[in-house]
J.: 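Before we start, here is the structure in question, set down as structure tokens.
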Amino acid sequence: SQKIEQNSEALNIQEGKTATLTCNYTNYSPAYLQWYRQDPGRGPVFLLLIRENEKEKRKERLKVTFDTTLKQSLFHITASQPADSATYLCALEDYGQNFVFGPGTRLSVLP
Amino acid sequence: EPEVTQTPSHQVTQMGQEVILRCVPISNHLYFYWYRQILGQKVEFLVSFYNNEISEKSEIFDDQFSVERPDGSNFTLKIRSTKLEDSAMYFCASSPIQMSGANVLTFGAGSRLTVL
């Protein structure tokens, strides 16, 4: 089954800077990869999906890349704001309809 | 915006007791899931459900767990005899069938289970 690593447990950045989060997986390359945001005590909320044949996907200040050779996805938040502080999870479809989540990176944007 | 609704938001139970967690998925969604998250740990897959039967289940989903869709709207998770290590946040999620094959999960707010 898939194993997912996310680069760091916690990341602190200054407001206005770009946050870059990394997701690495170990087994077969999935057809698509997703990023979710989780606030404390809440369920994950879907942000972006990128397919294996897409190099990059953007949504407002968010950008996701997907490199199936490196088995890696990068998640960028540009012009970060304190409201972006949350835990960000990447997720892959493992087999059937089973989605596996990474351990998450807790982002803190400091004013 | 359609929501996945979970009840109760918090349940405290004694070890060995049965617990039922309830979920109302989004009405036109066809895939249903239960995940759990132990405090400070990652979101772990328990089970997926489609067409009134279990599609996939993880090693965590042993004989003490069961799921049911008793009517057209509810999706329940039953834990038969709770253990201390079952204390966690349990999330229900649902997804539609995507013509493109990519399923996006919508999660509920979770049910926090505390086993004493």
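Quantities reported herein were computed from a predicted structural model and do not represent experimental measurements. Letters A, B, ... are given to chains in the order of the sequence lines, protein chains preceding strands, and every chain is numbered from 1.
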J.: Among B:Lys42, B:Met89, B:Gln6, who wins on heavy-atom pairs under 4.5 Å with chain A?
T.: B:Lys42
J.: Quick check on the hydrophobic clustering: are A:Leu62 and A:Tyr88 connected, directly or via other members, by side-chain heavy-atom contacts under 4.5 Å?
T.: yes
J.: Within the 4.5 Å heavy-atom criterion, are A:Gln38 and B:Val43 side-chain neighbours or not?
T.: yes
J.: Between A:Tyr32 and B:Asn103, is there a side-chain heavy-atom distance shorter than 4.5 Å?
T.: yes
J.: What are the residues of residues 102-110 of chain A, in order of number, with any heavy atom under 4.5 angstrom from a heavy atom of chain B?
T.: A:Gly102, A:Pro103
J.: In terms of hydrophobic clustering (I, L, V, M, F, W, Y; side-chain heavy atoms under 4.5 Å; direct or indirect links), are B:Phe107 and B:Val47 co-clustered?
T.: no
J.: Should A:Phe99 and A:Val45 be counted in the same cluster of Ile, Leu, Val, Met, Phe, Trp and Tyr side chains packed under 4.5 Å apart?
T.: no
J.: For A:Phe101, which of B:Tyr33, B:Tyr35, B:Phe91, B:Phe45 qualifies under ring pair (Phe, Tyr, Trp, His ring centres under 6.0 Å)?
T.: B:Tyr35
J.: Determine whether B:Leu105 and B:Tyr90 fall in the same hydrophobic cluster, where Ile, Leu, Val, Met, Phe, Trp and Tyr are linked whenever their side-chain heavy atoms lie under 4.5 Å apart.
T.: no
J.: Cluster question for you: counting only ILVMFWY and a side-chain heavy-atom cut-off of under 4.5 Å, with indirect links fine, are A:Phe46 and A:Leu33 together?
T.: no
J.: Report which part of B:Glu44 has an atom under 4.5 Å of a heavy atom belonging to chain A: side chain, backbone, both, or neither.
T.: neither
J.: Hey, is CD on B:Glu3 packed in by over 12 heavy atoms from elsewhere, all under 6.0 Å?
T.: no
J.: Counting only heavy atoms not in B:Glu85 (residues, nucleotides, ligands), do more than 12 fall under 6.0 Å from its CD?
T.: yes
J.: Within a 6.0 Å radius of atom CD on A:Gln14, are there more than 12 heavy atoms belonging to other residues, nucleotides or ligands?
T.: yes
